[in-house]
Amino acid sequence: MLLIVWLSVWAAGAKRWVRQHRVALVAALIVGYAVGRLCAIPGTTEFWRIAAQPAATLTAGIAAVSAALIAAYQVRQTRNQDHRHHRNDEIWKRFEWVVDRLTSATGSNSATAPALTPKQASEMLESIKNAADDLDDPHLSVMIGFYMGNELGDLKRAGVDLTPPVREEPDQ
């Protein structure tokens with residue numbers, strides 16, 4: 001049993017911890033052995049011949065279920081984090097797409113037709129900013145706010161109406 005514990009500690013990368021606490025571990029083992037020898041084990045020998053196997057099986061079962069619950073929790077956390085990163089990547093790609101379509105029309109090659117109107121870009125960026133706020137991505141929110149303030153601010157000063165249309169909710 002001690003070998004299994006030692007192997008699991010070593011496998012988990014805690015070899016340095018064992019080296020640092022070697023004296024404490026040995027002292028704990030010696031004290032545990034001494035206390036075990038001084039105290040009487042409750043029950044008769046016949047009782048322990050019968051009860052030892054079920055008690056060991058129950059202990060192993062509890063340990064296995066505990067390990068499964070911990071693993072399931074970690075899988076859930078990892079899955080949520082992966083989903084969150086995937087959503088952040090999608091939002092960044094949408095932001096880059098809008099910026100690319102808007103700047104391609106206002107860039108040095110002004111002979112090409114604009115891919116997006118400034119009003120469309122404003123609406124899309126506002127939607128992307130709301131999605132970034134929902135995902136608690138402050139970097140993207142600040143970046144969109146900065147972009148909307150600088151780039152689209154120039155268009156607003158030039159007289160382009162960038163206010164998104166008011167969407168009326170249907171009466172029910």
Side-chain angles (χ1 to χ4, degrees), residues 1-103 116 120-149 164 167-170 172:
M1 183 67 165
L2 182 61
L3 179 63
I4 293 171
V5 170
W6 182 81
L7 286 174
S8 65
V9 168
W10 180 80
K15 192 173 182 180
R16 184 170 24 112
W17 185 87
V18 171
R19 283 185 191 155
Q20 291 174 347
H21 299 90
R22 186 179 341 188
V23 174
L25 288 172
V26 170
L29 289 174
I30 291 171
V31 169
Y33 176 77
V35 170
R37 295 301 291 167
L38 292 175
C39 298
I41 298 174
T44 63
T45 305
E46 187 61 34
F47 169 77
W48 283 110
R49 282 190 183 137
I50 296 170
Q53 184 64 39
T57 303
L58 179 65
T59 304
I62 290 171
V65 169
S66 299
L69 289 174
I70 291 169
Y73 175 76
Q74 290 298 327
V75 166
R76 183 176 170 207
Q77 292 292 94
T78 303
R79 179 176 273 171
N80 288 343
Q81 188 177 24
D82 287 347
H83 177 71
R84 187 181 173 107
H85 285 290
H86 180 70
R87 288 286 300 142
N88 278 345
D89 288 344
E90 286 177 354
I91 291 173
W92 272 103
K93 286 178 184 175
R94 288 186 352 195
F95 173 65
E96 290 171 354
W97 183 86
V98 170
V99 169
D100 183 48
R101 296 307 182 272
L102 189 63
T103 56
L116 290 176
Q120 289 173 329
S122 174
E123 290 177 20
M124 288 179 182
L125 288 173
E126 190 64 37
S127 172
I128 294 169
K129 187 174 186 314
N130 291 340
D133 289 340
D134 290 343
L135 287 176
D136 294 330
D137 187 353
H139 185 68
L140 181 58
S141 295
V142 168
M143 183 76 99
I144 292 172
F146 179 77
Y147 183 79
M148 288 177 75
R167 291 184 174 82
E168 297 179 13
E169 295 185 24
Q172 295 187 13

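Being a predicted model, the structure only gives us computed values, none of them experimental.
Minimum interatomic distance between Leu125 and Ile144 (heavy atoms only, all atoms of both residues): O-CG2, 3.7 Å. In plain terms, the two heavy atoms of Ala131 and Arg94 that are nearest each other are CB-NH2, 4.1 Å.
Partners of His21 by ring pair (Phe, Tyr, Trp, His ring centres under 6.0 Å), not counting sequence neighbours, listed by chain and number: Trp17. In this view, His139 and Trp92 satisfy the ring pair (Phe, Tyr, Trp, His ring centres under 6.0 Å) rule, not counting sequence neighbours.
For the atom pair CD (Gln81) and NE2 (His86), the distance works out to 14.5 Å, reported to the nearest 0.5 Å. Taken from CG in Asp89 to NE2 in His85, the straight-line distance is 8.5 Å, to the nearest 0.5 Å. Taken to the nearest 0.5 Å, the CZ atom of Arg49 stands 6.0 Å off from the OG1 atom of Thr45. Note that the NZ atom of Lys129 and the CZ atom of Phe95 stand 11.5 Å from one another [nearest 0.5 Å]. Atoms CG and OG, on Asp134 and Ser141 in that order, are 9.0 Å from each other to the nearest 0.5 Å. One finds the OH atom of Tyr147 at 10.5 Å from the CD1 atom of Ile128 (value rounded to the nearest 0.5 Å).
A salt bridge between Lys93 and Glu96 is absent, with no side-chain N of the basic residue lying under 4.0 Å from a carboxylate O of the acidic one.
Checked by atom type and distance alone, the side chain of Arg87 never pairs as donor or acceptor with a backbone atom of Leu135 at under 3.5 Å. The closest donor-acceptor contact from the side chain of Ser127 to the backbone of Glu123 lies at 3.5 Å or more, if one exists at all.
Under the 4.5 Å side-chain criterion, counting only non-hydrogen atoms from C-beta, Thr57 is in contact with Gln53.
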